[in-house]
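Computed from a predicted model, the values in this text were never measured in an experiment. Letters A, B, ... mirror the listed sequences (proteins, then strands); counts begin at 1.
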Protein chains: 4
Amino acid sequence: MYHKIIIVGNLGRDPEMRFTPNGQPVTSFSVASNRRYTGADGQMVNETIWFRVTVWGKQAESCNQYLRQGSRVLVEGTLIPDTSTGSPRIFQRRDGTAGASFEVRAQTVKFLSARGETAEGAMLEAEPQETIEGEDEIPF
Amino acid sequence: MYHKIIIVGNLGRDPEMRFTPNGQPVTSFSVASNRRYTGADGQMVNETIWFRVTVWGKQAESCNQYLRQGSRVLVEGTLIPDTSTGSPRIFQRRDGTAGASFEVRAQTVKFLSARGETAEGAMLEAEPQETIEGEDEIPF
Amino acid sequence: MYHKIIIVGNLGRDPEMRFTPNGQPVTSFSVASNRRYTGADGQMVNETIWFRVTVWGKQAESCNQYLRQGSRVLVEGTLIPDTSTGSPRIFQRRDGTAGASFEVRAQTVKFLSARGETAEGAMLEAEPQETIEGEDEIPF
Amino acid sequence: MYHKIIIVGNLGRDPEMRFTPNGQPVTSFSVASNRRYTGADGQMVNETIWFRVTVWGKQAESCNQYLRQGSRVLVEGTLIPDTSTGSPRIFQRRDGTAGASFEVRAQTVKFLSARGETAEGAMLEAEPQETIEGEDEIPF
DNA sequence: TTTT
DNA sequence: TTTT
């Protein structure tokens, strides 16, 4: 079937890059996305939602290189469920209480800004570039 | 900021409609969405993710009226976090263990099929219709 | 930057597959998507929008094999502009008048039904499967 | 059925606000969205696509007030076809040639930046706020 | 007509 | 843990 999530938000901390046993890079970071709305009681609600994003391959490297705490990104991806329940995975926090998170596997990460970079130009230059095979040889 | 989720899936059970204290209808139902992919080890993975959807107002009524267990829908909406953590809300299951779910507040529900309905035509007739004010008086 | 279009609709005709000079398959088909809404004057408007979709690579083959006139699909992709204007490309119709179309390059095509297929199960079996490298060796 | 477009881009000019005969505000502006990719021939392609956006009601007013040439926005909406062809409407340019554009009716416009504003804070304060009726009285 |  |  299909599901897709699109997020605009800011990194809560610097990203972290790891490698799988066979050398593939994986970068992860948290993204906060805020909404402000007026609730039923007329009160202003300021809601923050946090996403735990993982990105693989070439984009993992550019995210690790160019994103920093506070960077604004657009992330397009898929929610990752616990494979046995189909719901968010429950984990134990250090204090023994149960936690869960919105885990997102990113297909695309776009850099909308970057804090701590000398030039935003450099950022965009480094943005993962799509290679579209056959683009110039459309047979129609 | 912004986030949006779009889901195509099937209802796990018939929807349930309730009313808020001031009479607004709210319908909720669970949607299962399946993905099939080949994992790193070459094995076929069949992943099911469950969403708990709530829909308000007029659409609540048409969803309650026309959707049934097995109906296929497209849902467009927003994930609802726990307001204190920004992550999925943790609840106690009856057996005492902790649970969490992907809670979605629907802005739009489209009926892609309906089980138990005589005609899909009837379904589509019932699909929530947008009223677009001023549509025919564009000043440009 | 970023733009994305998501469409649910039905094929107006059977798809057509071609090959680029270096042998890459490209399949194209038209998708009609209908909306029903109430205009400002209270009149019911039944709007049909047509998209001209192209899909490349493995998905081109499965689309060509399994989709038929009337098949329902979900398409996720990008609009293709005229490279010189950034707007829809203008072409000459056979009668000499000017035409334009909503050209979409698909990243994903999901089969939501298929006319002419004996079983929907067969369809879904053929749905393009994602290979997610490293999926099972998450280092976190 | 369903279709949806999501765009991130910059305004080419200041927005323009008009009113329908019965006083409803409508604001329109053009948004450019750029993509950079490597074509089949290995050459770098820098593609710009232009969208002509219209937004109605309260959001029309805040867009007119806070957006300026160069402002970055996220637009979520629907493509508007020519009602007789289902394709982009063809118009006559002043030089007599035919033109077409990607017309989008916005459901949501999010301000990702604004040029010419003294404070971005003021911007976001003015961002259209959703009123979610019954939000605090969920009956489940 | 924008932006990098 | 972010941002306004």
Side-chain angles (χ1 to χ4, degrees), chain A residues 7-16 28-37 44-53 66-75 93 99 101-102 110-127 129, chain B residues 1-3 81 84-87, chain C residues 1-3 81 84-87, chain D residues 7-16 28-37 44 46-53 66-75 99 101-102 110-127 129:
Chain A
I7 303 157
V8 176
N10 299 281
L11 272 72
R13 290 187 184 287
D14 289 357
E16 292 179 27
S28 68
F29 50 86
S30 289
V31 173
S33 186
N34 306 291
R35 282 198 319 149
R36 195 185 280 106
Y37 62 84
M44 196 69 155
V45 182
N46 203 330
E47 175 187 287
T48 299
I49 182 168
W50 285 95
F51 297 98
R52 184 89 190 136
V53 178
Y66 293 105
L67 297 177
R68 290 292 170 265
Q69 183 181 59
S71 296
R72 179 167 289 180
V73 288
L74 181 147
V75 173
R93 297 189 183 282
S101 53
F102 293 113
K110 293 292 181 186
F111 304 163
L112 300 180
S113 85
R115 184 173 284 180
E117 286 303 312
T118 39
E120 202 190 15
M123 291 288 319
L124 294 176
E125 216 57 55
E127 192 171 341
Q129 287 152 10
Chain B
M1 237 96 71
Y2 178 83
H3 87 265
S84 64
T85 65
S87 292
Chain C
M1 235 98 69
Y2 178 82
H3 87 264
S84 64
T85 66
S87 291
Chain D
I7 304 156
V8 176
N10 299 282
L11 272 72
R13 290 186 185 287
D14 289 357
E16 292 180 26
S28 68
F29 50 86
S30 289
V31 174
S33 187
N34 307 292
R35 283 198 320 148
R36 196 185 279 105
Y37 61 85
M44 195 69 154
N46 202 330
E47 175 188 286
T48 299
I49 181 168
W50 284 94
F51 297 97
R52 183 89 190 135
V53 177
Y66 294 105
L67 297 178
R68 290 291 170 266
Q69 183 180 58
S71 295
R72 180 167 289 179
V73 288
L74 180 148
V75 174
S101 52
F102 293 113
K110 293 291 180 186
F111 305 164
L112 300 181
S113 84
R115 182 174 286 180
E117 285 304 313
T118 37
E120 202 191 14
M123 290 287 320
L124 293 176
E125 217 56 57
E127 192 172 340
Q129 287 153 9

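In the set dT1(F), dT2(E), dT1(E), the nucleotide with an atom closest to the side chain of M1(C) is dT2(E). Nearest to the side-chain atoms of Q69(A) among the listed nucleotides dT1(F), dT1(E), dT2(E) stands dT1(F). Among dT1(F), dT3(E), dT1(E), the nucleotide with an atom closest to any side-chain atom of R13(D) is dT1(E). In this structure, the nucleotide among dT4(E), dT2(E), dT2(F) sitting nearest to the side chain of R36(D) is dT4(E).
As a whole-Å value, the separation of E16(A) CD from dT2(F) P is 15 Å. The distance from atom CZ of F111(A) to atom C1' of dT4(E) is 13 Å, rounded to the nearest whole Å. Taking atom CZ on R52(D) and atom C1' on dT1(E), their separation rounds to 10 Å, with Å as the unit. Rounding to whole angstrom units, OH of residue Y2(C) and P of dT4(E) are separated by 21 Å. As rounded to whole Å, 13 Å separates atom C1' of dT3(E) from atom CG of L112(D). Rounding to whole angstrom units, CZ of residue R68(A) and C1' of dT2(F) are separated by 15 Å. As rounded to whole Å, 15 Å separates atom P of dT1(E) from atom CG of N34(D). Between the CG atom of L74(A) and the P atom of dT3(E) there is a distance of 20 Å, rounded to whole Å.
Here the side chain of T48(A) pairs no donor or acceptor atom with the backbone of G86(B) at under 3.5 angstrom. D14(A) places a side-chain N or O within 3.5 Å of a backbone atom of Q69(A) that can act as its donor or acceptor partner.
Put simply, the side chain of M1(B) reaches to within 4.5 Å of the side chain of N10(A), judged on heavy atoms. Considering only heavy atoms from C-beta on, V75(D) stays 4.5 Å or farther from F51(D) through its side chain. At a threshold of 4.5 Å between non-hydrogen side-chain atoms, the residues V8(D) and K110(A) do not count as touching.
Residue contacts shown for T48(D) include a base, since a base heavy atom lies under 4.0 Å away.
Per the stacking criterion (ring centres < 5.5 Å, plane angle < 30°), W50(D) stacks onto the base of dT1(E).
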